[in-house]
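Heads up: the structure comes next, in structure tokens.
All ligand and atom numbering here is 1-based and tracks the order in the structure.
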Amino acid sequence: MKMIPESLERHWMPFTDNREFKREPRLFVRASGMHYFSSTGRRILDASSGLFTTPAGHCRPEIAAAVNEQLQTLDFTPSFMRGHPGAFALADQVAALTPAGLDHIFFCNSGSEAVDTAMKIALAYHLARNEAQRTYFVSRERAYHGVNLGGTALSGMVRNREAFGALLPGVLHLRHTLLPENRLTRGLGAAGAELADDLLRFVNLVGEKRIAAVFVEPIAGSTGVLVPPRGYLERLREICSRFGILLVFDEVICGFGRTGDAFAATSFGVTPDLITMAKALTNGAQPMGAVAVRAEIYRTVVESAPQGAPEFFHGYTYSAHPAACAAALATLEIYRSERLFAKARELSGYFLDAMFALQDLPAVNDVRGFGLLAGLEIKPAAVPGLRGGELQAKLFDRGLHVKTTGDVAIIAPAFIASRADIDLMGSMLRDAIAEY
Ligand SMILES: Cc1ncc(COP(=O)(O)O)c(C=O)c1O
């Protein structure tokens, strides 16, 4: 494949300033370990694990070999009424990582699909329990739950909603948890557990048995790393249990070691009823998402349906695609054999030190972080978000890949990062932000 495409015009790029990109393309042509390589031959340190996808580092030969072998052995199996062994093996392995009890796994192809699948599972579960009137969903301001229509309705980010009409009716948003009292707090903030009581207000507003599920990211990632206040998730759990509401943790970013455990649910000691996941499930090497559900939810939906037909009318042509399963199985083997979740936990202190050290820069508004995930919020220019976009371009040109949202840089190194890699991320960020 040519290093520089003849035309950049026809590919309509997602979540991209297409006009700017096509004026000044920043193309990756190769990757290895902690680095990308640009079409201009430059080596770029990856400070965001691609898009939070690649904690084991880029281009792992074990994953490539597994996918290659799978595609030469069994390239595709219809996902409806047919199966292949890899899907069942993977479900077992994912279930072994999720908190006890969340042991049934529904596969899909992305985080967005995982979210919409979880919404449908919640509705199917309540219908099966003769509580079909539970049709409300609760989400949160500043939430990101992907881009399908269900997830867009749950979204708490205005730019992701405003162009898309009325969306789903019956979605209520908890207040977000970004509080000035918790500014520059490392880990969980002391203030704000009571924000979970918004859920009680919704119960009082729409009725005790009207809410199907509450969706939250344990750490809200894409909006700029909002670590939950201490006690907040526990309180949500308690209210959900009291009123028969399903609690869904969207762990598309947090899952697979980012918080130092397999799932943030374990790190925070709060067990939801469902977990959505994607990204690091295959180390980013194949598109794949999944939903883990409590056994009782699976059993209720399956056992209440008449025999002789599918119990749950939902699924994707590419659910549990053989190549994605092969990539995921090889990825989980790397996580295990290289103890990568423990490595993430061990590196976290050093990483957070490096990120919080940047708070002396006049342009830094806030630093937040947990595990190997940190948000660096810089002071906005006249138009909010402009500076964040400019910062990521500037960093790319200096050799650092960073994902920004608005004016927040989201730093999420691969778990194979060395201390020297973290030092370099810190110094490049410092030099670039110091110019504001
Ligand atoms: C919490 C969360 N949910 C859902 C998604 C959507 O995932 P995808 O882009 O794979 O559809 C993302 C993506 O960043 C996410 O962070």
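If you check the side chains of Ser79 and Ser319, you find no donor sitting under 3.5 Å from an acceptor.
A distance of 5.5 Å separates CG of Leu45 from CG of Leu424, quoted to the nearest 0.5 Å.
The salt bridge (charged side-chain N to carboxylate O under 4.0 Å, His left out) contacts involving residues 398-413 comprise Arg398-Glu435, where partners must be two or more places apart or lie in separate chains. Screening residues 46-57 for salt bridge (charged side-chain N to carboxylate O under 4.0 Å, His left out), with sequence neighbours left out, gives no hits.
Every residue meeting the ring pair (Phe, Tyr, Trp, His ring centres under 6.0 Å) condition with His58, not counting sequence neighbours, appears here in chain and number order: Tyr36.
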Within the protein, flag every N or O under 3.5 Å from an N or O of ligand 1, and note the pair and distance.
from     : atom 1 : to     : atom 2 : distance (Å)
ligand 1 : 3 (N)  : Asp250 : OD1    : 3.3
ligand 1 : 3 (N)  : Asp250 : OD2    : 2.7
ligand 1 : 7 (O)  : Gly111 : N      : 3.4
ligand 1 : 7 (O)  : Ser112 : N      : 3.4
ligand 1 : 10 (O) : Gly111 : N      : 2.9
ligand 1 : 11 (O) : Gly111 : N      : 3.4
ligand 1 : 11 (O) : Ser112 : N      : 2.8
ligand 1 : 11 (O) : Ser112 : OG     : 2.6
ligand 1 : 14 (O) : Lys279 : NZ     : 3.1

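The side-chain tip of Arg210 does not point at the ring of Tyr136 from less than 6.0 angstrom away and within 45° of straight on.
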